Amino acid sequence: LPWGPQHRRLPLIFPVSSLIGLTAIGAIGDGAAYAGLIILSFVYVGLTQRPGTSYFLLPFALAAWMVLQHQWTAVLAVRLAIAIPTWLLVAELLAHRSQQVAKDHEALTDEANTDMLTGLANRRQLDLQLSKTNDGDTLVMCDLDHFKALNDRFGHATGDQVLADFGQLLRGALRGQ
């Protein structure tokens, strides 16, 4: 979701209101058939929130489950003992996996936009970087004179090393932006 960190918990409105709705259904009539929908709230939280957030949802889920059941039996106690870890496990596994996918996506994006040899932004980044320039910014273009002759005389491995060293020199001398 394109929200900033201050709105990170805003998507919790949906699962919490769903669980409150299920509690209302249970209070009005026989809602035991809807108890299976509780896990959908945990799936949603797992897909949209950071790991650990599912524990916040647990009291709402317990309240909904208890009201939907209307009566307490030993069988329901066993079911609840199985349901709670299942709810949490589903949400936490999805949250961890979603977080890993986001990290992998960021790493792949960085890799796609960075030249492996020099470690500098590649041509894909040129338009993006140029669109961010302001009046007064400076654009510097570098050309390594006689680079082809260096490659021809000393080989591509030496040419690659020259490019890598040049990239390191530029990264060390320029500001981050």
Side-chain angles (χ1 to χ4, degrees), residues 1-22 37-61 85-177:
L1 299 173
W3 295 327
Q6 66 275 16
H7 298 107
R8 193 177 81 234
R9 302 274 189 221
L10 200 57
L12 287 174
I13 292 171
F14 173 70
V16 168
S17 60
S18 296
L19 291 171
I20 291 170
L22 286 173
L37 295 176
I38 293 173
I39 196 159
L40 294 178
S41 296
F42 285 90
V43 169
Y44 180 83
V45 166
L47 291 174
T48 62
Q49 299 295 308
R50 292 180 180 177
T53 307
S54 62
Y55 294 100
F56 167 79
L57 198 62
L58 193 56
F60 296 98
T86 302
W87 296 337
L88 294 174
L89 185 65
V90 164
E92 292 303 305
L93 286 175
L94 286 172
H96 282 284
R97 185 65 186 135
S98 294
Q99 196 173 48
Q100 186 60 47
V101 166
K103 285 179 185 176
D104 291 347
H105 180 267
E106 186 177 329
L108 287 172
T109 301
D110 288 345
E111 190 174 318
N113 294 319
T114 304
D115 180 69
M116 285 181 12
L117 190 59
T118 63
L120 300 171
N122 62 19
R123 189 165 182 166
R124 285 186 186 105
Q125 284 289 77
L126 181 62
D127 288 336
L128 177 63
Q129 295 299 327
L130 289 175
S131 71
K132 292 180 182 179
T133 59
N134 298 313
D135 290 340
D137 286 349
T138 302
L139 173 67
V140 177
M141 296 186 73
C142 299
D143 180 35
L144 299 178
D145 288 339
H146 311 292
F147 186 74
K148 182 178 177 343
L150 180 114
N151 259 348
D152 291 344
R153 183 170 178 199
F154 297 105
H156 288 282
T158 302
D160 287 352
Q161 186 61 49
V162 167
L163 288 175
D165 291 346
F166 184 68
Q168 185 177 4
L169 177 75
L170 284 177
R171 281 192 317 276
L174 298 175
R175 294 183 301 220
Q177 67 265 49

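Quick caveat: nothing in here was measured; it's all calculated off a predicted structure. Residue indices begin at 1 and follow the sequence shown.
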Is there a side-chain contact between L22 and L19 in this structure, where contact means two heavy atoms from C-beta onward sitting under 4.5 Å apart? yes
Distance in Å, K103 NZ paired with Q100 CD, rounded so as to fall on 0.5 Å steps: 6.0 Å
Please check if atom CD in Q99 has more than 12 non-hydrogen atoms from other residues, nucleotides or ligands closer than 6.0 Å. yes
Interatomic spacing from CG in L126 to CG in N113 - rounded to 0.5 Å: 11.5 Å
Which heavy atom of L150 sits nearest a heavy atom of G159, and at what distance? CD2-CA, 3.7 Å
Okay, side chain of T114, backbone of E111: is any donor-acceptor separation there less than 3.5 Å? no
Please enumerate all residues that pass side-chain hydrogen bond (donor to acceptor under 3.5 Å, both in side chains) together with K148, with sequence neighbours excluded. D152
I'd like to know if the side chain of T53 and the backbone of Q49 have a donor-acceptor N/O pair within less than 3.5 Å. no
Closest approach of A91 to S54 (non-hydrogen atoms, all atoms of both residues): CB-CB, 3.4 Å
Considering all heavy atoms, the nearest D137-K132 contact: OD2-O, 4.3 Å
L144 meets the side chain to side chain contact (heavy atoms under 4.5 Å, CB included) criterion, sequence neighbours left out, with F147, V162, L163, F166
Might you confirm whether atom CZ of R97 has over 12 heavy atoms from other residues, nucleotides or ligands at distances under 6.0 Å? no
Side-chain contact, heavy-atom cut-off 4.5 Å: F60 with P15? no
Please report the closest heavy-atom contact between A61 and W87, naming both atoms and the distance. CB-CZ3, 3.7 Å
Can you check whether T118's main-chain N or O pairs, donor with acceptor, with Q168's side chain at less than 3.5 Å? no
Does the side chain of L128 reach to within under 4.5 Å of the side chain of Q125, using non-hydrogen atoms? yes
Shortest non-hydrogen contact between S41 and S18, atoms and distance: OG-CB, 4.1 Å
Look at the side chain of N122 and the backbone N and O of A112, then say whether any donor-acceptor pair between them is shorter than 3.5 Å. yes
What is the minimum heavy-atom distance between T133 and L130, and which atoms define it? OG1-O, 2.8 Å
Distance, nearest 0.5 Å, that separates CG of D165 from CG of D160: 11.0 Å
Within the 4.5 Å heavy-atom criterion, are F42 and L94 side-chain neighbours or not? no
